[in-house]
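Below, read A as the first sequence line, B as the second, and so on, with proteins coming before strands; counting in each chain starts at 1.
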There are 2 protein chains.
Amino acid sequence: MSATRRRELVLEAATRVFGDEGYAGATTDKVARAAGVSQPYVVRIFGTKENLFLEVMERAGNRLLAAFTEEIARIDSELALPHRLGLRYVTMLQDRGLVLSLMHGFALGADPVIGASARCGFMNIYRLVVNEGGFTPAEAYQFLAGGMMINTMLGLRMGDEFDTDPDVRDLLREAFPEKLDVFLAVTRSHQERA
Amino acid sequence: MSATRRRELVLEAATRVFGDEGYAGATTDKVARAAGVSQPYVVRIFGTKENLFLEVMERAGNRLLAAFTEEIARIDSELALPHRLGLRYVTMLQDRGLVLSLMHGFALGADPVIGASARCGFMNIYRLVVNEGGFTPAEAYQFLAGGMMINTMLGLRMGDEFDTDPDVRDLLREAFPEKLDVFLAVTRSHQERA
DNA sequence: TTAAGAGGTAATCGAATGATTACTTAGGAC
DNA sequence: GTCCTAAGTAATCATTCGATTACCTCTTAA
């Protein structure tokens with residue numbers, strides 16, 4: 001297999017593993033197993049585990065930027081842009097580990113190199129919705145806050161309790177006023193992992 | 001020193017360490033050093049590192065519940081309750097690592113034991129503001145989303161860029177419309193750690 | 001035919017880490 | 001005084017993990 005294709009497969013696997021276990025909790029061996037290659041090869045492709053995580057975060061940030069950019073460019077919709085971006089974000093939860101890897105990175109701001117990259121990635125989203133999407137800072141804040149709440153619901157696997165706790169049901173219905181089915185489907189697909 | 005007092009000191013130290021490094025990234029040795037005791041003693045007090053983290057999360061959740069409960073009981077204020085709870089939350093950021101430890105736990109929902117505890121702690125807050133604070137589910141959602149956004153700004157150490165990036169300034173002014181000074185003070189006190 | 005380079009792995013190493021064991025010390029109770 | 005218990009540590013162990021080294025195996029071009 002070509003090196004670039006293999007590299008992409010490893011990045012996808014790493015995204016899932018880092019999303020589940022976090023930076024410190026994940027191991028290069030778990031990533032290698034998930035990608036179907038040997039552990040030394042993962043290290044050889046990316047140099048260090050830290051480098052691999054940085055690439056995972058960068059890739060995730062770029063995917064979000066690309067999706068939002070595409071949505072901003074759409075004109076064949078009567079829905080308001082914040083609403084459309086929110087729907088688009090929920091759709092992206094199906095890309096397993098994508099936003100969870102970012103969330104783990106967002107909690108590691110104390111790390112000099114990971115923190116700097118995470119701050120940069122976050123602000124790129126902010127700048128996009130303000131500069132290209134025409135959001136006011138207040139609108140951008142509200143949009144991002146909703147995103148962080150969705151991240152938390154995903155990270156907590158809150159969907160696992162949807163059927164057992166009526167309060168969870170109420171909360172998730174607020175967090176996902178339209179695409180609750182998508183979130184619950186994502187939850188179920190994550191459960192199959194274990 | 002009495003065992004209970006020592007135990008409390010270790011819990012405080014562990015809260016800071018787990019807040020900075022996360023569950024997997026933290027080590028019992030770092031906690032021990034921060035608490036001024038030996039590593040085996042930390043293990044002996046709490047049995048396992050996982051147990052220690054669970055106690056840190058539980059303690060943090062209880063502190064939040066206590067503060068919100070107290071604020072809900074206050075009647076000598078003309079401010080709306082969501083507003084007062086938000087101010088109270090920002091005040092609690094001064095307790096170093098408290099909310100960051102929770103945030104790390106919120107990203108570990110895939111872990112069977114940590115995840116269950118984290119979900120429980122989160123829903124306890126939700127239930128409090130709904131049942132005791134009289135919030136509608138929509139109000140509770142908005143309140144919690146703001147909290148998750150604040151957690152993210154703290155985890156990212158976004159305050160470090162307040163002076164260098166005007167977009168960061170705009171965003172933080174939205175996230176902390178009143179107590180921005182408190183957040184920036186917390187940021188600075190965290191920097192002194194390194 | 002063969003040499004060379006790309007894609008990949010097995011074996012292994014050193015450091016870090018959670019946990020265990022055995023030991024030490026201080027302070028009452030009798 | 002001495003015994004006993006609670007508080008605490010030094011030494012150490014087994015495992016795990018990231019990284020390194022040496023090697024293997026195709027394909028391809030001269």
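- Partners of B/E161 by salt bridge (charged side-chain N to carboxylate O under 4.0 Å, His left out), not counting sequence neighbours, listed by chain and number: A/R119.
- No contact: B/A24 has no heavy atom under 4.0 Å from any strand.
- Comparing C/dT21, C/dG7, D/dA19 against the side chain of A/A3 picks out C/dG7 as the nearest.
- Under the 30°/60° scheme for interplanar angles, the aromatic rings of A/Y23 and A/F53 are found to be tilted.
- A/A32 comes within 4.0 angstrom of no nucleic acid atom, judged by non-hydrogen atoms across all strands.
- Residue B/T27 has its side chain nearest to C/dT17 when only D/dG18, D/dA11, C/dT17 are considered.
- Here A/R44 lies in heavy-atom contact (under 4.0 Å) with a base.
- Phosphate proximity of D/dG18 to A/T28: present, with a side-chain N or O under 4.0 Å from OP1 or OP2.
- Closest to the side chain of B/Q39, out of D/dA19, C/dG18, D/dG18, is C/dG18.
- The listed nucleotides are D/dC17, C/dA19, C/dT9; the one nearest the side chain of B/V43 is C/dA19.
- If you check the side chains of B/N131 and B/Y126, you find no donor sitting under 3.5 Å from an acceptor.
- Residue contacts shown for B/S38 include a base, since a base heavy atom lies under 4.0 Å away.
- A straight line from CD of A/E21 to C1' of D/dC17 spans 14 Å, rounded to a whole angstrom.
- Classified by interplanar angle (parallel below 30°, tilted 30° to 60°, perpendicular above 60°), the ring pair A/F135/A/F143 is perpendicular.
- The listed nucleotides are D/dG18, C/dG8, C/dA10; the one nearest the side chain of A/Y41 is C/dG8.
- For B/V37, counting side-chain heavy atoms from C-beta on, the closest listed nucleotide (D/dT9, C/dT17, C/dT9) is D/dT9.
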